[in-house]
Amino acid sequence: MRAAVVTEFNQPWQIKDVPDPRPAPGQVIIRVRASGMCASDLAAHQGYLPVRTPFVAGHEPAGEIVEVGAGVTDLKVGDRVGVSWHQKGCGRCDACQSGHSHDCQTMQTWMNVGGGNSELMIAWASGCSLIPDGVSFEEAAPIFCAGYTSMSGLSNANPKPGERVAVLGVGGLGHLALQFAKALGLPTIAITAQSNKKKELQELGADEVLVAGADIGKELMALGGADIILSTTSDPKQVASAFMGLRSGGRFVNLGLVHGPILIDSAALMFPARSLIGSSQDERSDLHEALKLVAAGKVKPMLETYPLDKVNDVRDRLAAGKVRYRAVLQHGAA
Ligand SMILES: [Zn+2]
Ligand SMILES: [Zn+2]
């Protein structure tokens, strides 16, 4: 099969033929149809993740099961599935035993079994979710990372009816976070640095658009403040500033890999009381809910699609911040 192989960090990925994978007990083989890319792929490319070369990246894959390994009884050949980052816990630690295998410190991920930038991939059956009818592979792929992350963020903020949700940084994650909040009937505010994105953000579901200036917190408060901020920014100054735009009881949910420590004054946490929450891809039910909202037509991932051969161009485009809003590699014809 053909695969995009990372042979050396910071070097072009090589499209080449590699042996077809075989499933171990508990695993499945998926014919990959679409595979999303995000900043995690840049981290893998640059050697920041615990994975050794050579490897195949791709942690937002969607496709059809073509073979099931021994002991797999709940998935069948022909099933349309996607695979999330964490696929299988150790089964024995506190996290696994309490039903939170996404927090297992020795979980199996694409880094253990190989990613989805290939014609065929291995996945643990426990890491696969069925893609609802009517959702294309291309639309489904980013839901297994960006959609999952943003829905977990919203869910971890425990939104109450009528609470105002602001999304700071409307890119791959943020454009889905905004749509999820809107789909759940919550008033939404998109915070962007680019004034020319205003109309586009309104079309995505923003009730209000805040074009950020020098003091996001103050500017957000001038709009009435937010009960929840879903933040995807990597800028620690933006985080600290936006935090001040939370109303009493407000929750700031950090979804981005922030470059450096987040500096928030203790008084800002206490007067009024506000919370800072870290969140990634948490309960599996968040992923399921995200997929259902896409199937219902209430959330639509905005995509750029490319053939697998263009993987290096896509990665460069991602690094340059040019992707609107998510890049997905398409593998072969259906
Ligand atoms: Zn991702
Ligand atoms: Zn475990």
Side-chain angles (χ1 to χ4, degrees), residues 2-16 32-49 51 53-63 82 85 110-111 115-119 121 136-150 167-179 190 192-197 199-201 203-204 231-235 238 255-259 300-333:
R2 276 154 54 81
V5 184
V6 184
T7 53
E8 266 183 87
F9 295 123
N10 296 303
Q11 294 300 318
W13 300 359
Q14 293 179 18
I15 308 284
K16 56 182 183 181
V32 182
R33 296 299 189 187
S35 175
M37 287 182 76
C38 79
S40 301
D41 295 290
L42 298 177
H45 174 64
Q46 292 159 351
Y48 292 122
L49 297 184
V51 57
T53 56
F55 65 89
V56 174
H59 61 281
E60 310 181 10
W85 185 287
W110 66 271
M111 291 184 277
N117 293 340
S118 52
E119 287 176 314
M121 71 175 284
S136 69
F137 292 120
E138 289 78 11
E139 282 178 323
I143 300 303
F144 283 83
C145 180
Y148 192 173
T149 306
S150 47
V167 177
L168 173 60
V170 190
L173 279 177
H175 92 287
L176 293 171
L178 190 64
Q179 293 185 65
T192 178
Q194 295 158 269
S195 57
N196 59 357
K197 275 173 86 175
K199 187 158 176 283
E200 198 173 311
L201 295 176
E203 284 166 5
L204 278 174
S231 172
T232 72
T233 184
S234 57
D235 181 347
Q238 279 194 352
L255 301 171
L257 283 174
V258 177
H259 298 155
K300 190 167 175 48
M302 308 295 280
L303 307 173
E304 296 180 355
T305 54
Y306 302 90
L308 181 63
D309 290 1
K310 292 274 181 254
V311 69
N312 287 299
D313 297 338
V314 177
R315 196 199 53 245
D316 290 345
R317 208 173 145 69
L318 198 58
K322 289 184 179 162
V323 173
R324 287 285 170 268
Y325 284 86
R326 199 56 151 192
V328 173
L329 299 165
Q330 287 174 312
H331 301 229

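For the numbers below, each heavy atom of this structure counts, side chains included, while hydrogens, waters and symmetry mates do not. Source: prediction; values computed, not measured. Start at 1 with the first residue, then count along the sequence.
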Identify the two heavy atoms, one from Gly116 and one from Val32, that lie closest to each other, and give their separation to 0.1 Å.
O-CG1, 3.3 Å
Nearest heavy atoms of Val258 and Asp235, plus distance in Å:
CG1-C, 4.2 Å
Please state whether the rings of Trp85 and Trp110 are parallel, tilted or perpendicular, taking 30° and 60° as the class boundaries.
perpendicular
Which atoms form the tightest heavy-atom contact between Ser40 and Leu49, and what is the distance?
O-CD1, 3.7 Å
For Asp313, what residues pass the side-chain hydrogen bond (donor to acceptor under 3.5 Å, both in side chains) criterion, not counting sequence neighbours?
none
Return the OG to CZ distance between Ser118 and Arg2, rounded to the nearest 0.5 Å.
11.5 Å
What pairs of residues pass the salt bridge (Lys or Arg N to Asp or Glu O under 4.0 Å) test when at least one of them lies in residues 35-48, not counting sequence neighbours?
none
Residues two or more places apart in sequence or in another chain: which of them pass side-chain hydrogen bond (donor to acceptor under 3.5 Å, both in side chains) with Ser231?
none
What's the shortest heavy-atom distance between Pro54 and Val5, and which atoms?
CB-CG1, 3.9 Å
Residues two or more places apart in sequence or in another chain: which of them pass side-chain hydrogen bond (donor to acceptor under 3.5 Å, both in side chains) with Glu304?
Tyr306, Arg317
As a quick check of understanding, evaluate side-chain contact (heavy atoms from CB on, under 4.5 Å) for Val56 and Val6, giving each step before the final call.
CA-CA 6 Å; Val56 174; Val6 184; over 6 Å; no
Rounded distance [0.5 Å steps], OH in Tyr148 versus CG in Leu173:
14.0 Å
Spatial distance of atom CD (Gln330) from atom CG (Leu308) [nearest 0.5 Å]
11.0 Å
Give, for atom NE2 of His259 and atom OG1 of Thr233, the distance between the pair rounded to the nearest 0.5 Å.
9.0 Å
Ignoring hydrogens, what is the shortest heavy-atom contact between Cys38 and Leu318? Give both atom names and the distance.
O-CD2, 3.3 Å
Suppose we screen for side-chain contact (heavy atoms from CB on, under 4.5 Å). Which residues come up paired with Glu8, at least two apart in sequence or across chains?
Gln11
How would you list, by chain and number, every residue that makes a salt bridge (Lys or Arg N to Asp or Glu O under 4.0 Å) with Arg324, sequence neighbours excluded?
none
Contacts of type side-chain contact (heavy atoms from CB on, under 4.5 Å), residue Pro142, not counting sequence neighbours:
Glu60, Pro301, Leu303, Arg326, Val328
Is the number of heavy atoms from other residues, nucleotides or ligands within 6.0 Å of NZ (Lys310) greater than 12?
no
Would the distance check show the side chain of Gln179 and the main-chain N or O of His175 forming a donor-acceptor pair, the cut-off being under 3.5 Å?
yes
Apply side-chain contact (heavy atoms from CB on, under 4.5 Å) to Asn10 and list each qualifying residue two or more places apart in sequence or on a separate chain.
His45, Gln46
Taking Gln14 as the fixed residue, which of Asn312, Thr7, Val311 is the one that meets the side chain to side chain contact (heavy atoms under 4.5 Å, CB included) rule?
Thr7
So do the side chains of Thr232 and Leu168 get within less than 4.5 Å of each other, counting heavy atoms only?
no
Greater than 12 external heavy atoms within 6.0 Å of Met302's CE:
no
Could you pull out all residues at least two apart from Glu139 that satisfy side-chain hydrogen bond (donor to acceptor under 3.5 Å, both in side chains)?
Lys300
Does atom OH of Tyr48 have more than 12 heavy-atom neighbours, drawn from other residues, nucleotides or ligands, at distances under 6.0 Å?
no
Sorted by chain and residue number, the side-chain contact (heavy atoms from CB on, under 4.5 Å) partners of Ala140 (sequence neighbours excluded) come out as Ala62, Ile131, Val135, Phe144
How long is the gap from CG on Leu201 to OG1 on Thr192, to the nearest 0.5 Å?
5.5 Å
How long is the gap from CE on Met37 to OG on Ser35, to the nearest 0.5 Å?
7.5 Å
Asp316 with Lys322: basic N within carboxylate O range, under 4.0 Å
no
Can you check whether Leu176's main-chain N or O pairs, donor with acceptor, with Ser150's side chain at less than 3.5 Å?
no
